Colleague: 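The structure is given below, and queries will be raised subsequently.
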Amino acid sequence: MNEIGKNNDPLENFFREKLEDHNIAYDERDWEKLEQRLDAAGTASQPWIKWAAAAAILLASLLGYFIYENYSAINRINDQLANEKSSVTEEQSSQELPKSKSEEQNQSKAKKGTQPEHSLATDQPVNTSSSNPIPGDKSTELLAANIEAVNNWDCVSCGVSSDPQQISLALMRSTSPISSENANHQPTPNAGQKGLASQPRRWAAGAGASPHIRLGLVVGPDLSTAGSLSNFERPGYKLGVKADVFLGPRFAISTGIMHSNVRYTAGSSEYDFSSRYIADGIAVQETFAECAILEIPLTFRYNVKDFSQSGLFVSGGVSSYIMLNEHYQFTYEDRYNANGESVREWSTRSGRAHIFSNARISAGYEQALSNHLGVQIQPYLNIPLSGVGAGKVELYSVGMLFSFNYKLR
Amino acid sequence: MLEKIIKGCRKGQRESQKELYKMFYGYGMSITLRYADSRDQAAEILNDAFMKIFTNIAQYDPSRPFKPWLRRIIINTAINAFHSNKTIPEKQRLEESQNGMYRQEQITSGISYKELIAMVQQLSPAYRTVFNLYVIEGFKHREIADMLGIAVGTSKSNLAKAKQNLQAIIEKNLV
């Protein structure tokens, strides 16, 4: 309380007794004004929820579209194969003996020759020399056509052998849920090629992929904390754009710029007060911060696994932070308060930049929607290399980025 | 009861927010009236404080008493209002008492609460704020200086002038 002796001041005592803890009659109009402010603030209080919901809806819609398109393509191929099966069956029944002999010859020749495996890295074609079609023999012509179609088909880790029978089986199993009983029937070359050619070319970088750039719009939730990976506050968010510059089949350099809303709580030892006068000789117990930050990542990305329409990747690098707006709430000891503490707030718009202040590691999954469009999901972890903000806090962040990518030619 | 209301406020329930507002309206207004120039401004400061309370209710520690936490937020909001209104020309100051010493025998308890509030509101914002923080809230001059961004000497000087002015107002009302 106040210095000793001052309590005897009659004027002070008089005002203190009269004015302390007096109850004023409630006025509903004041509540109505407050309610309007609450309504206005309610829609803007947690923007990240809206962004996350929009991103989730967009992602679900795109995935649903992709799944629908995929099944449509499968159904088309199924119909074509079903039609061709019936026509091939009729042809086979009219050419029983000579056809079987020529098939046996082709199979024995295929088995004797050296057949390299189909490989993404080398893109070696399947050896067709052992299965040269016998002129006039429709069945072998069909097999040769399928083999040629396979050679033109970009497929990673298909594991398809050079055996024409195996090739045909692989074709049918991968493109339709046809039972193994039907695997012996050869599809017509036109239908097979047409069905395979209708598959969009691989989105993910791989053999034959030329250097290119992919632009992306990213959004996602962010959890941040100071000092260690624990005691997270309410989630913030990230929103921005990125660019992946693919220099080779699997390797890319990524950068971008993201607006981040970051919330964290720092203990007394995790916030540096030495640079500024906050409270004269009074210890700060805890600091709650809400900051708007521009994050500029610079990472190296490597595609560890490529599929026909998707891929898995890992990336690592650094991020730079530019502090746009910092708002702090300091809770410090105050023995004159009943709860033993007081709260003070302070804000700054310093614009200070922290170059390569954080290391960034992430992994992700990218799914193609067409030749140029794709979606991506990428969990990340930012680890501090130096302190950021007015309090030079070591800021950890974890989160998930959803992005909508566009591949430039 | 209060615990249930606070839980509802944490969930953003409007009914709970209104209950909390009504429960502490009188107490809060008795604080803001002492810092404001008028009743309307006092209500505005109170609503600013409750906006902060509802926004940061998740940070309130239920194991500690709620009223002091609310009180501190209201006082801080009133101080922020003082800072934001610094450019407003101060009210015309009362002439200081020629005596410079108050006459203890002149103070009477017959003055109503409203009259006392009106007297306090006649003070300039700087004097009024220091008077409230020192006499009513019980802060030390060093703490007041930190909060208001002034020197300790200025805090002491403002308090002395506030008391002189209040004495003059009281004497004027008694005449």
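What you see is a predicted model, and the numbers here were worked out from it, not measured in a lab. A note on names: the letters A, B, ... follow the listed sequences, proteins ahead of strands, and every chain is numbered from 1.
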Colleague: Using the test ring-ring contact (aromatic ring centres under 6.0 Å, His included), find all partners of A:Tyr380 that sit at least two apart in sequence or belong to another chain.
Modeller: none

Colleague: Tell me, for B:Leu33 versus chain A, whether the close heavy atoms (under 4.5 Å) come from the side chain, the backbone, both or neither.
Modeller: side chain

Colleague: Please list, chain by chain and in numerical order, all residues satisfying side-chain contact (heavy atoms from CB on, under 4.5 Å) with A:Val398, sequence neighbours excluded.
Modeller: A:Leu223, A:Leu229, A:Phe232, A:Leu381

Colleague: Could you give the distance from CG (B:Leu46) to CG (A:Asp27), rounded to the nearest 0.5 Å?
Modeller: 11.0 Å

Colleague: Hey, what do you get for CG (B:Asp40) to CZ (A:Arg29), rounding to the nearest 0.5 Å?
Modeller: 8.5 Å

Colleague: Relative to chain B, which segment of A:Glu28 carries a heavy atom at a distance below 4.5 Å: side chain, backbone, both, or neither?
Modeller: side chain

Colleague: Applying a heavy-atom distance below 4.5 Å, give me the residues of residues 47-54 of chain B that approach chain A, sorted by number.
Modeller: B:Asn47, B:Asp48, B:Phe50, B:Met51, B:Lys52, B:Phe54

Colleague: Once you round to the nearest 0.5 Å, how far does CZ of A:Arg37 lie from CD of B:Glu44?
Modeller: 7.0 Å

Colleague: Are B:Ile170 and A:Leu11 close enough that some pair of their side-chain heavy atoms sits under 4.5 Å apart?
Modeller: yes

Colleague: Any salt bridge between B:Arg39 and A:Asp30, counting N to O under 4.0 Å?
Modeller: yes

Colleague: What's the shortest heavy-atom distance between B:Ile136 and A:Phe15, and which atoms?
Modeller: CD1-O, 3.7 Å

Colleague: What do the steps show when you test B:Lys163 against A:Asp9 for side-chain contact (heavy atoms from CB on, under 4.5 Å), and what is the final call?
Modeller: CA-CA 10 Å; B:Lys163 288 161 65 175; A:Asp9 187 317; 2.5 Å; yes

Colleague: Taking heavy atoms only and a threshold strictly under 4.5 Å, list by residue number the residues of residues 9-23 of chain B that touch chain A; give 'none' if the list is empty.
Modeller: B:Arg14, B:Gln17, B:Lys18, B:Tyr21, B:Lys22

